[in-house]
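Could you have a look at this structure, given as structure tokens, before my questions?
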Amino acid sequence: QVQLVESGGGLVQAGGSLRLSCTASGSTSIRYAMGWFRQPPGKEREIVAAISGSGGRIYYVDSVKGRFTISRDNAKNMVYLQMNKLKPEDTAVYYCAARQATFWTLEHASYKYWGQGSQVTVSS
């Protein structure tokens with residue numbers, strides 16, 4: 001079992017920055033692939049970024065490339081999402097997720113463990 005807890009969300013003006021953190025506990029000795037997903041109001045959940053267990057392979061959805069950075073610190077069991085140049089369309093609940101494999105996929109159904117979500121609101 002793996003427990004995930006997100007933190008760092010909040011309200012920010014367009015153009016601002018936030019950093020989301022995801023703390024993993026439980027069976028964290030295996031370096032699972034991790035993903036950040038988001039669900040805007042009234043829309044489906046979508047992947048934002050993903051990182052392999054070693055941190056060597058990373059994915060970003062096109063809409064956040066050049067603005068968001070995913071990283072991980074395996075020694076601390078932490079995953080981060082640095083979000084810069086935020087836009088109102090980035091407003092969503094952001095979820096951290098872990099997949100029982102070392103490599104990521106884009107399908108949220110392949111991620112077994114999920115955090116409770118962190119609200120990010122970007123005002124115009």
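This chain uses plain numbering: 1 for the first residue, then up along the sequence.
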Find the distance between CD (Gln100) and NZ (Lys112) and round it off to the nearest 0.5 Å.
4.0 Å
Under the side chain to side chain contact (heavy atoms under 4.5 Å, CB included) test, which residues partner Ser63, sequence neighbours left out?
Arg38, Val61
So disulfide (SG to SG under 2.5 Å) across residues 61-93, not counting sequence neighbours, yields none
Output every pair passing ring-ring contact (aromatic ring centres under 6.0 Å, His included) with a member in residues 41-92, not counting sequence neighbours, ordered by first then second residue.
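Counting only pairs at least two positions apart or across chains, the ring-ring contact (aromatic ring centres under 6.0 Å, His included) contacts touching residues 41-92 are Tyr59-Trp104.
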With sequence neighbours left out, write down each residue that passes side-chain hydrogen bond (donor to acceptor under 3.5 Å, both in side chains) with Thr69, or none if nothing qualifies.
none
What's in the same ILVMFWY side-chain cluster as Phe103, cut-off under 4.5 Å, chained through other members?
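So far as hydrophobic clustering goes, Phe103 is joined with none.
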Which atoms form the tightest heavy-atom contact between Gly35 and Tyr111, and what is the distance?
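Answer, listing the atom of Gly35 first, then Tyr111: N-CE2, 3.8 Å.
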Taking Gly117's backbone N and O only, do any of them form a donor-acceptor pair with Glu6's side chain (distance below 3.5 Å, no angle check)?
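At least one qualifying donor-acceptor pair exists.
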Just jot down the salt bridge (Lys or Arg N to Asp or Glu O under 4.0 Å) partners of Arg67, sequence neighbours excluded, or say none.
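Residues passing salt bridge (Lys or Arg N to Asp or Glu O under 4.0 Å) with Arg67: Asp90.
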Minimum heavy-atom separation for Ala24 and Val2, please, with both atom names.
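Smallest interatomic distance, heavy atoms only, reads CB-CG1, 4.4 Å.
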By ring pair (Phe, Tyr, Trp, His ring centres under 6.0 Å), which residues pair with Tyr95, not counting sequence neighbours?
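Tyr95 satisfies ring pair (Phe, Tyr, Trp, His ring centres under 6.0 Å) with no other residue.
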Pairs flagged by disulfide (SG to SG under 2.5 Å) wherever residues 53-109 is involved - sequence neighbours left out
Cys22-Cys96
Would Ile70 end up clustered with Met78 when hydrophobic side chains under 4.5 Å apart are linked, directly or stepwise?
no
List for me each residue that meets side chain to side chain contact (heavy atoms under 4.5 Å, CB included) alongside Ser110, sequence neighbours excluded, and say none if there are none.
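Once residues adjacent in sequence are excluded, the partners of Ser110 under the side chain to side chain contact (heavy atoms under 4.5 Å, CB included) criterion are Arg99, Thr105, Glu107.
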I want to check something: taking the side chain as every heavy atom from C-beta on, are Met34 and Leu4 in contact at a cut-off of under 4.5 Å?
yes
Restricting to non-hydrogen atoms, name the atom on Leu81 and the atom on Ala49 that form the minimum distance, rounded to 0.1 Å.
CD1-CB, 4.2 Å
Could you check whether any side-chain heavy atom of Ser52 comes within less than 4.5 Å of a side-chain heavy atom of Thr102, counting everything from C-beta outward?
no
With rounding to the nearest 0.5 Å, note down the distance linking CG in Asn77 to CZ in Arg31.
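Output value for this atom pair is 10.0 Å.
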Using 0.5 Å steps for rounding, measure from the CD atom of Gln82 to the CG atom of Leu20.
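Those atoms lie 9.0 Å apart.
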Any sub-3.5 Å donor-acceptor pair from Asn74's side-chain atoms to Gly53's backbone N or O?
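Yes, because the side chain of Asn74 sits within donor-acceptor range (under 3.5 Å) of the backbone of Gly53.
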Spatial distance of atom OG (Ser124) from atom NZ (Lys87) [nearest 0.5 Å]:
14.0 Å
Please find the pair of heavy atoms, one from Leu106 and one from Phe37, that lie closest to each other, and give the distance.
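Here Leu106 and Phe37 meet closest at O-CE2, 4.3 Å.
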Test item: Trp36 and Met83 side chains (from C-beta on) under 4.5 Å apart, heavy atoms
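The answer is no, as the side chains (C-beta and beyond) never meet within the 4.5 Å cut-off.
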Does Leu11 reach the side chain of Gln119, with side-chain heavy atoms less than 4.5 Å apart?
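Counting from C-beta outward, Leu11 and Gln119 never come under 4.5 Å.
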Who pairs with Glu89 by side-chain hydrogen bond (donor to acceptor under 3.5 Å, both in side chains), at least two apart in sequence or on another chain?
none
Side-chain contact test, heavy atoms from C-beta onward, threshold under 4.5 Å: evaluate it for Ile47 versus His108 and give yes or no.
no
Of all residues at least two apart in sequence or in a different chain, which pass the side chain to side chain contact (heavy atoms under 4.5 Å, CB included) check with Val12?
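With neighbours one apart ignored, the set is Leu18, Leu86, Val122.
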With sequence neighbours excluded, give me every salt bridge (charged side-chain N to carboxylate O under 4.0 Å, His left out) pair touching residues 72-82.
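Residue pairs passing salt bridge (charged side-chain N to carboxylate O under 4.0 Å, His left out), neighbours aside: none found.
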Same apolar cluster: Ile58 and Tyr94, side chain cutoff 4.5 Å:
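Same cluster.
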